[in-house]
Amino acid sequence: GAGAHLGAPADPVGNATIIRGSGGHRLMLVRSSMKLEDLTLEDGAAPGSTGGAIFTGAGLEVVRTLFRNNSAANGGAIYLNYQSRVKRTVKITASQFSGNSATQNGGAVSMVGQNQDQTLLISGSSFLSNSAGGFGGAIKVNLDVGSAISIVNSTFDSNTAGLGGDGVDLGDAQGTAYVINSTFVDHSSGIDLRNGPVGGSLTVAMSNSIYFDTVSDASGACSTGTARFDDLNNVLFGTPRAASCDADGDNDAIDEQVSADILTVLGGAIVPAAGEGEDFVPAHYQINGPAPGNANAGWVVDVGKGEPNQ
């Protein structure tokens, strides 16, 4: 069928509809495809289990939704269980994940799909101060060959993971992964490729993005193992750039002492506070850089309302 659509427009003063748990129970068990829109899901919990806010084995689309302070063993906010031989697509657009946690993997989102190629699309979204005891402070991905991961116009800020991948852990992902016009800030390893998937392969590229740690003024690691990016185009790294942030293929990375310059441009902070009457701001600052191979084009950091370029 067409699945379910759960959403509610903001009230006249701009407050979103809130679905709040007691801190002891999961908010949603979803068995068919669903679209969530203009909602806040907070304080859901699945102690010792998966998906504090949402557990699903179906397709999922999330639009302008805030996930806040949800917790579980895996997938603090969302657990995507795609073990059947059915291809699924997950879209997360203009949404924010803040303060979610997992005692094991995937502080905000954990996606598992080892029997079929799957698609994960994240656009114009923010992952702020999420945490995991294992891998993937914000996102942990474990996918089969043929899967596709895209992260576009998004921000990852101050997420933490006990074993690696403070922002995104791709150590068990196969297929292709693209990171475009995105910011990774204040992580010891914003993206962790580890040693790559056992018995499989992942092609991963990052372009037109910022990657640095304002505490150390360095880049932070890109891999705690031997795997490396296949392609880096117009990526602005903190200095020094970690050796694990080199690329096996095209390596058009830019080393800069970015913390002072970039923070000045952004008014002293990467992530703005929510304004009066706002539940949250989709806090991402994309970079409008030159197209791959266009060395003469300039850089522009967009510090507007956080709206992604279309």
Side chains of [X] and [Y] in contact at under 4.5 Å (non-hydrogen atoms):
{"X": "Ser209", "Y": "Phe184", "answer": "no"}
{"X": "Val141", "Y": "Ile149", "answer": "yes"}
{"X": "Val62", "Y": "Glu37", "answer": "no"}
{"X": "Ile139", "Y": "Met111", "answer": "no"}
{"X": "Leu60", "Y": "Ile78", "answer": "yes"}
{"X": "Arg194", "Y": "Phe135", "answer": "yes"}
{"X": "Phe212", "Y": "Val185", "answer": "yes"}
{"X": "Ile151", "Y": "Ile180", "answer": "no"}

task = Start with the C-alpha gap between Ser110 and Asn105, add the side-chain angles, then the distance that decides, and say whether side-chain hydrogen bond (donor to acceptor under 3.5 Å, both in side chains) holds.
result = CA-CA 7 Å; Ser110 181; Asn105 303 315; over 6 Å; no
Determine whether [X] and [Y] fall in the same hydrophobic cluster, where Ile, Leu, Val, Met, Phe, Trp and Tyr are linked whenever their side-chain heavy atoms lie under 4.5 Å apart.
{"X": "Ile92", "Y": "Leu170", "result": "yes"}
{"X": "Ile54", "Y": "Ile19", "result": "yes"}
{"X": "Leu120", "Y": "Val145", "result": "no"}

message = Running the 4.5 Å side-chain criterion over Ile, Leu, Val, Met, Phe, Trp and Tyr, what cluster does Val112 land in, apart from itself?
response =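 Other cluster members: Leu29, Phe55, Tyr79.
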N/O donor-acceptor pair under 3.5 Å between [X] side chain and [Y] backbone:
{"X": "Ser131", "Y": "Gly137", "value": "no"}
{"X": "Ser125", "Y": "Ala94", "value": "yes"}
{"X": "Ser95", "Y": "Arg64", "value": "yes"}
{"X": "Asn70", "Y": "Asn100", "value": "no"}
{"X": "Tyr211", "Y": "Ser182", "value": "no"}
{"X": "Ser223", "Y": "Gly225", "value": "yes"}
{"X": "Arg31", "Y": "Gly57", "value": "no"}
{"X": "Asp166", "Y": "Gly136", "value": "no"}
{"X": "Thr155", "Y": "Ser126", "value": "no"}
{"X": "Asp144", "Y": "Gly113", "value": "no"}

Pair [X]-[Y], side-chain donor/acceptor within less than 3.5 Å:
{"X": "Glu42", "Y": "Asn69", "result": "no"}
{"X": "Ser123", "Y": "Asn153", "result": "no"}
{"X": "Asp157", "Y": "Asn159", "result": "no"}
{"X": "Thr224", "Y": "Asp192", "result": "yes"}

If you measure from [atom1] on [X] to [atom2] on [Y], what distance do you get to the nearest 0.5 Å?
{"X": "Gln174", "Y": "Gln118", "atom1": "CD", "atom2": "CD", "value": "12.5 Å"}
{"X": "Ser154", "Y": "Phe97", "atom1": "OG", "atom2": "CZ", "value": "10.0 Å"}
{"X": "Leu193", "Y": "Phe229", "atom1": "CG", "atom2": "CZ", "value": "5.0 Å"}
{"X": "Ser207", "Y": "Leu232", "atom1": "OG", "atom2": "CG", "value": "9.5 Å"}
{"X": "Thr183", "Y": "Asn208", "atom1": "OG1", "atom2": "CG", "value": "11.0 Å"}
{"X": "Ile122", "Y": "Thr93", "atom1": "CD1", "atom2": "OG1", "value": "9.5 Å"}

Closest contact, heavy atoms only, [X] versus [Y]:
{"X": "Thr119", "Y": "Lys87", "answer": "OG1-CE, 3.9 Å"}
{"X": "Gly51", "Y": "Ala72", "answer": "N-CB, 3.6 Å"}
{"X": "Leu41", "Y": "Leu27", "answer": "CB-CD1, 3.8 Å"}
{"X": "His187", "Y": "Phe156", "answer": "CE1-O, 2.9 Å"}
{"X": "Tyr82", "Y": "Gly59", "answer": "OH-CA, 4.2 Å"}
{"X": "Gly165", "Y": "Ser189", "answer": "N-OG, 3.0 Å"}

Cationic N near anionic O, under 4.0 Å, [X] to [Y]:
{"X": "Asp248", "Y": "Arg228", "result": "no"}
{"X": "Asp172", "Y": "Lys140", "result": "yes"}
{"X": "Lys91", "Y": "Glu61", "result": "no"}

